[in-house]
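Chain identifiers are assigned alphabetically (A, B, ...) following the order of the sequence lines, protein sequences preceding nucleic acid strands; residue numbering begins at 1 within each chain.
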2 protein chains.
Amino acid sequence: MKSHATRITLLHHGLRALSVDGLSGVTLGRLAEAANLSKSGLFAHFRSKEQLEVALLDEAARLARAQVVEPAMVAPDGLPRLRALVERWLGWAPRAGLPGGCPVAAALFELDDSEGRVREHVAMLEREWRELLRSLVASAVALGDLHPETDVEQFVWELCGIYLSHHASARFLRDPAADARAWHAFDALLRRTAMPGTSDAVQ
Amino acid sequence: MKSHATRITLLHHGLRALSVDGLSGVTLGRLAEAANLSKSGLFAHFRSKEQLEVALLDEAARLARAQVVEPAMVAPDGLPRLRALVERWLGWAPRAGLPGGCPVAAALFELDDSEGRVREHVAMLEREWRELLRSLVASAVALGDLHPETDVEQFVWELCGIYLSHHASARFLRDPAADARAWHAFDALLRRTAMPGTSDAVQ
DNA sequence: TGTAAAATAGCACGACCGGTCGTAACAATG
DNA sequence: CATTGTTACGACCGGTCGTGCTATTTTACA
């Protein structure tokens with residue numbers, strides 16, 4: 001019982017550090033100090049650095065589900081729900097109380113040339129996320145909010161580009177217009193796939 | 001004279017390591033070993049880790065200028081030149097002989113929550129790069145290849161999103177369709193800003 | 001309340017980190 | 001030829017890394 005509470009604390013502080021410093025920036029020593037625990041006490045919870053990293057990524061995904069996905073799911077199915085999700089997705093990390101940026105986005109660039117379990121885990125999370133996006137876009141297509149021949153995969157790919165560009169311009173360049181740029185891009189993407197005349201249809 | 005040759009070697013090996021492991025993954029010890037030099041011998045060239053990182057980022061920019069910008073500049077001014085640049089930009093790092101991905105793109109996500117000279121240097125490089133993009137887009141507008149009321153800043157912002165999404169899908173997800181997705185997105189962006197009817201004009 | 005089990009602390013390890021030291025070979029310059 | 005500055009070496013600094021092993025404390029339950 002006590003163990004569970006301690007684990008919560010560790011994941012909490014670990015996720016904060018992860019969002020700021022990235023996977024390689026989270027160290028056992030610093031995390032133990034932040035959680036008021038000895039390094040070996042911490043080590044007993046996660047039997048390796050690798051397992052800690054996986055647990056932290058899962059915690060990030062759990063938080064995103066709670067703060068981004070679930071609230072968006074109350075919106076009406078179709079385009080409104082997709083828009084609600086994007087609304088909560090862009091810049092979700094600070095809004096969820098994290099001091100840094102989206103840990104998964106950062107991991108995409110930190111681990112792109114690595115191998116191993118952690119990379120595979122990030123890949124799985126990212127595939128699941130894109131699958132969620134695909135299902136929302138597909139619903140919008142099925143309900144007639146988007147052109148019936150919309151290339152769903154392409155739509156999701158470009159939406160991810162908007163998210164990454166927003167992350168870079170908001171967090172790194174600290175551009176106050178980042179939100180406006182992202183919405184402008186998203187609206188243009190919607191316009192493209194909504195109007196039959198200039199559609200994005202597959203041949 | 002000998003000093004210069006050694007420095008070239010160090011930058012060469014350092015840039016390779018940078019593209020794979022990121023800034024924090026480049027260590028003095030490993031770089032010295034890769035360049036067959038003692039750690040203190042290496043230290044005589046760069047008087048701190050920070051200065052090494054700045055030098056490596058400059059080297060990456062220099063390489064990009066030679067492999068991406070200069071070859072593209074021979075294309076006719078306007079849209080052809082812009083297209084030529086994008087052609088060489090997407091996936092330029094491996095094409096330039098680097099074993100990993102674009103060091104600057106990775107740095108955007110590695111340093112987004114840090115402070116200091118290195119971050120400022122990356123910010124400068126990124127600002128310069130976007131300025132180059134802006135000038136090419138503006139030329140395409142001036143020559144009538146794009147709608148006269150094109151929002152140049154927005155165009156560049158979305159183009160950067162395409163680059164980042166391409167980086168993520170090509171390098172992390174290892175999606176073979178990454179190139180096709182990026183070109184599809186770029187073409188759609190061009191179509192949007194070329195056709196007066198569905199333009200992206202500022203009000 | 002006694003006791004087994006779980007949770008945490010203490011300590012040590014080998015490796016590596018960025019960085020400094022004194023020193024020596026070498027080049028260029030006066 | 002003497003001097004000076006650069007380049008490189010090897011040893012070493014205090015610290016931190018991830019990870020074991022062994023106590024000791026704390027908790028949960030009979």
Spacing of B:L10 atom CG relative to D:dT7 atom P, expressed in whole Å: 11 Å

Between C:dG19 (C1') and B:K49 (NZ): distance, integer Å: 12 Å

Main-chain N/O of A:F43 paired to A:S40 side chain as donor or acceptor, under 3.5 Å: no

Check: B:T193 side chain, B:L189 main-chain N or O, donor-acceptor pair, under 3.5 Å: yes

Members of residues 16-38 of chain B that approach DNA chain D, where some heavy atom sits under 4.0 Å away: B:L37, B:S38

Candidates C:dG19, D:dG20, D:dT7 - which lies nearest the side chain of A:S40: D:dG20

Distance under 6.0 Å and angle within 45° of ring axis: B:R191 vs B:F186: no

B:M73 vs B:L136, side-chain contact (heavy atoms from CB on, under 4.5 Å): CA-CA, chis, key distance, verdict: CA-CA 10 Å; B:M73 283 308 179; B:L136 293 193; 4.1 Å; yes

A:R30: side-chain contact (heavy atoms from CB on, under 4.5 Å) partners, not counting sequence neighbours: A:T27

Earlier contact from the 5' end, DNA chain C, for A:K39 and A:L42: A:L42

B:Q67-B:R95 side chain donor-acceptor pair, cut-off 3.5 Å: no

Under 4.0 angstrom between B:H45 side-chain N/O and D:dT6 OP1 or OP2: no

Contact under 4.0 Å: B:H4 side-chain N or O vs D:dT7 OP1/OP2: no

